[in-house]
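All remarks here apply to the structure that follows.
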Amino acid sequence: MGVLYPAGVALGANPAMMAGVIISGGAFGDNLAPVSDTTICSATSQGVDVPGVVRSRLKYAMAAGLITIICIFIFGSGSGAAGAAAEAYSYDPKTLLMLIPVIATIYIAVKTGDIIIATTIGSVFAAATGVAAGLFDIVQIDVVDAVRPALLTVSGAGLDRTVGGVIYAGLNSMIQVCILALLLFGSISIMRQGQGDVKLLNALGKVANTRIGAELTISAMVISLSALMGLNAPAILAVGSSFAKPLGDKHGISPYRVANLLDAQSNTLCYALPWTPAMIYTLGFAADSSAPLVATQVMPYVFYSYAMLAVMFISILVGVGQNDNLGKALKQKKEA
C-alpha cells in the first residue's frame with residue numbers, strides 16, 4: 001500500500017478503487033501463499049500437508065482472482081473511476097525499490113519453507129535497501145520535523161525519553177495479534193477442559209446434519225470470528241481442530257476441503273470491514289498521501305473478498321472439492 005497506492009494515484013487511478021484493489025491483492029496472496037499463516041494454520045489444524053492444500057485451493061483462488069480482474073475492468077473503466085491529474089500528486093519513484101525486499105522474502109520463504117527465516121532476512125534486507133536508497137535514516141536522536149523516517153528514533157527528555165522508528169512501529173503493530181492468540185489458546189483450553197466444545201458440537205450437529213449443512217456451519221463460524229476479530233489465523237485456530245475437523249470427519253468431507261473452507265472463507269469479510277486491520281492500515285497509508293480515504297469509500301472495491309464468498313458458497317451448494325485428495329488423506333490416516 002505504501003509503495004503502490006501513491007504511484008497508482010499519481011498515474012490517474014481512482015483512489016478508492018486503487019486501495020480496494022491493493023487489499024484484494026493482499027487477500028489473494030494470503031489465500032494462496034504456501035508460507036501464509038492462514039495456509040499453515042488451516043493445513044495443520046486438519047492434519048494434512050501444506051503443498052497438497054495449496055494445490056487443491058488453486059481452483060478457488062484462481063476463480064475468485066479472475067472475477068476480481070473482470071470487476072476491475074468493468075468498474076475501473078467507468079466515468080466515476082477517473083483519477084486526478086498526475087501532477088496533482090507528489091511521488092518518489094525510489095519507493096518502488098522496496099518491492100525488491102518483498103520479492104526476496106517470498107523467494108526465501110518458498111525455498112526454505114520457514115517463514116521466520118524468510119521474514120527475518122527480508123526485514124534486514126528491507127532496512128538496508130531503504131537506507132541505501134535514501135528513504136530511511138538509520139538513527140535519529142532528538143530530531144524535530146524529520147525529512148524522512150528512521151529505523152530507530154530517540155526523543156524526549158528524562159523519564160519521558162522514548163524509542164520509536166520504523167522497526168519499533170513494526171514490532172508494536174504485532175503485539176495485539178500475539179496477545180490475542182495467547183488469550184485465544186487459553187480460552188480454547190478452558191472450553192475443552194469443561195467439555196464446552198463437545199456441547200457446542202452436539203448443538204451444531206442438529207443444524208449440520210448433512211454435508212452441505214456441515215460446510216455452511218464451518219463457513220459461518222470462521223467468517224463470523226475472522227470478521228469480528230479482524231484477524232483470520234486466530235479464527236482458523238479457534239474453529240479448525242475443535243469444530244471443523246470433527247464435522248468434516250462425521251460427514252466424510254476431505255480434510256483438504258475443510259482446510260480450504262477455513263482458509264478461503266476467513267479471507268473474505270476479514271479484509272473488507274471498516275474495523276479490520278487490513279482496512280485500518282490501508283486508510284492509515286492513504287491518510288499520509290495526497291488522497292486520504294474513509295472506509296465506506298474503499299469497501300465496495302475490495303472485489304476479491306466478495307468474489308471468494310461467491311465462489312466458496314457456490315462450491316458448497318454444487319459439491320465441488322468435497323473429495324479433494326480424499327484418497328491421500330485416508331492413506332495418511334491409515335499409516336498414522
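Position 1 is the first residue of the sequence, and the numbers go up from there.
- Leu293 contributes atom CG, which lies 9.5 Å from atom CE of Met279 (distance to the nearest 0.5 angstrom).
- Using a 4.5 Å heavy-atom threshold, the side chains of Leu283 and Val294 count as separate.
- In this structure, Arg148 and Asp137 have side chains that are in contact, with non-hydrogen atoms separated by less than 4.5 Å.
- Met299 and Ile280 sit in two unconnected hydrophobic clusters of ILVMFWY residues. Membership requires side-chain heavy atoms under 4.5 Å apart, directly or through other members.
- Looking only at side-chain heavy atoms (C-beta outward), Ile167 and Leu171 come within less than 4.5 Å of each other.
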- Item | Worked check of side chain to side chain contact (heavy atoms under 4.5 Å, CB included) between Val320 and Ile314 | CA-CA 8 Å; Val320 173; Ile314 290 172; over 6 Å; no
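- Evaluated for a side-chain hydrogen bond (donor to acceptor under 3.5 Å, both in side chains) with Ser36, the options Asn267, Asn232, Asp263, Asp30 yield exactly one hit, Asp30.
- Under the 3.5 Å distance criterion, the side-chain polar atoms of Arg211 are matched with a main-chain donor or acceptor of Ile316.
- Minimum heavy-atom separation, Ala235 to Ser226: CB-N, 3.6 Å.
- Pairing each heavy atom of Gly26 with each of Tyr271, the nearest pair is O-OH, 4.0 Å.
- Between the side chains of Gln140 and Thr153, no donor N or O sits under 3.5 Å from an acceptor N or O.
- Between Met229 and Thr276 the shortest side-chain heavy-atom distance does not fall below 4.5 Å.
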- Task: With side chain to side chain contact (heavy atoms under 4.5 Å, CB included) as the test, would you mind laying out the steps for Ser123 and Thr120 before giving the verdict?
- Result: CA-CA 5 Å; Ser123 296; Thr120 301; 6.0 Å; no
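- The two atoms that bring Ser315 and Arg257 nearest to each other are OG-NH2, 3.1 Å, heavy atoms only.
- Using bins of under 30°, 30° to 60° and over 60° for the plane-to-plane angle, the ring pair Phe303/Phe75 lands in the parallel bin.
- Separating the CD1 atom in Ile72 from the CD1 atom in Ile67 is a distance of 12.0 Å, to the nearest 0.5 Å.
- In this structure, the side chain of Thr39 engages the main chain of Ala33 through a donor-acceptor pair within 3.5 Å.
- With rounding to the nearest 0.5 angstrom, the OG1 atom of Thr268 is 10.0 Å from the CE atom of Met312.
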- Message: As a quick check of understanding, evaluate side chain to side chain donor-acceptor pair (under 3.5 Å) for Asn31 and Tyr60, giving each step before the final call.
- Response: CA-CA 10 Å; Asn31 188 199; Tyr60 310 120; over 6 Å; no
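- Taking every heavy atom of both residues into account, Thr44 and Ile40 meet most closely at OG1-O, 2.7 Å.
- The cluster map of Ile, Leu, Val, Met, Phe, Trp and Tyr, joined by side-chain heavy atoms under 4.5 Å apart, puts Leu262 and Leu247 in the same cluster.
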- Quick one: do Phe243 and Met221 satisfy side chain to side chain contact (heavy atoms under 4.5 Å, CB included)? Show the steps, please. CA-CA 9 Å; Phe243 306 107; Met221 291 180 72; 3.7 Å; yes
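- Of all the heavy atoms in Asn209 and His251, the pair that sits closest is C-CE1, 3.3 Å.
- Both Met18 and Leu99 belong to a single network of hydrophobic side chains, linked directly or stepwise wherever heavy atoms of I, L, V, M, F, W or Y lie under 4.5 Å apart.
- A 4.5 Å side-chain heavy-atom check between Ile121 and Thr105 finds every atom pair outside the cut-off.
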- Which is it for Ser56 and Asn260 under the side chain to side chain donor-acceptor pair (under 3.5 Å) test, yes or no, and what are the steps along the way? CA-CA 8 Å; Ser56 63; Asn260 287 331; 3.0 Å; yes
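- Interatomic distance, OH of Tyr304 versus CD1 of Ile69, reported as 11.0 Å (0.5 Å rounding).
- Remark: Leu261 CG to Ser219 OG distance equals 4.5 Å, nearest 0.5 Å.
- Annotation for Ile138: atom CD1 does not count as buried by contact number, only 12 or fewer foreign heavy atoms lying within 6.0 Å.
- Side chain to side chain, Asp142 and Ser155 fail the donor-acceptor criterion of an N or O pair below 3.5 Å.
- Ring pair Phe285/Tyr5: centre-to-centre distance not below 6.0 Å.
- Looking at Leu135 and Lys94, their side chains come closer than 4.5 Å, going by heavy atoms from C-beta outward.
- A distance of 12.0 Å separates CD1 of Ile108 from CD1 of Ile103, quoted to the nearest 0.5 Å.
- A pairwise comparison of heavy atoms in Val258 and Gly248 identifies CG2-CA, 4.1 Å as the closest pair.
- In the hydrophobic cluster analysis, where Ile, Leu, Val, Met, Phe, Trp and Tyr join through side-chain heavy atoms closer than 4.5 angstrom, Ile223 is grouped together with Val311.
- Counting heavy atoms from C-beta on, the side chains of Tyr306 and Thr68 never come closer than 4.5 Å.
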- Decide yes or no on side chain to side chain contact (heavy atoms under 4.5 Å, CB included) for Met308 and Phe28, but give the supporting numbers first. CA-CA 9 Å; Met308 181 53 77; Phe28 175 77; over 6 Å; no
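- Neither Val124 nor Ile100 shares a network with the other; the hydrophobic side chains, linked directly or stepwise wherever heavy atoms of I, L, V, M, F, W or Y lie under 4.5 Å apart, form separate groups for each.
- The closest side-chain heavy-atom distance from Ile218 to Glu215 is not below 4.5 Å.
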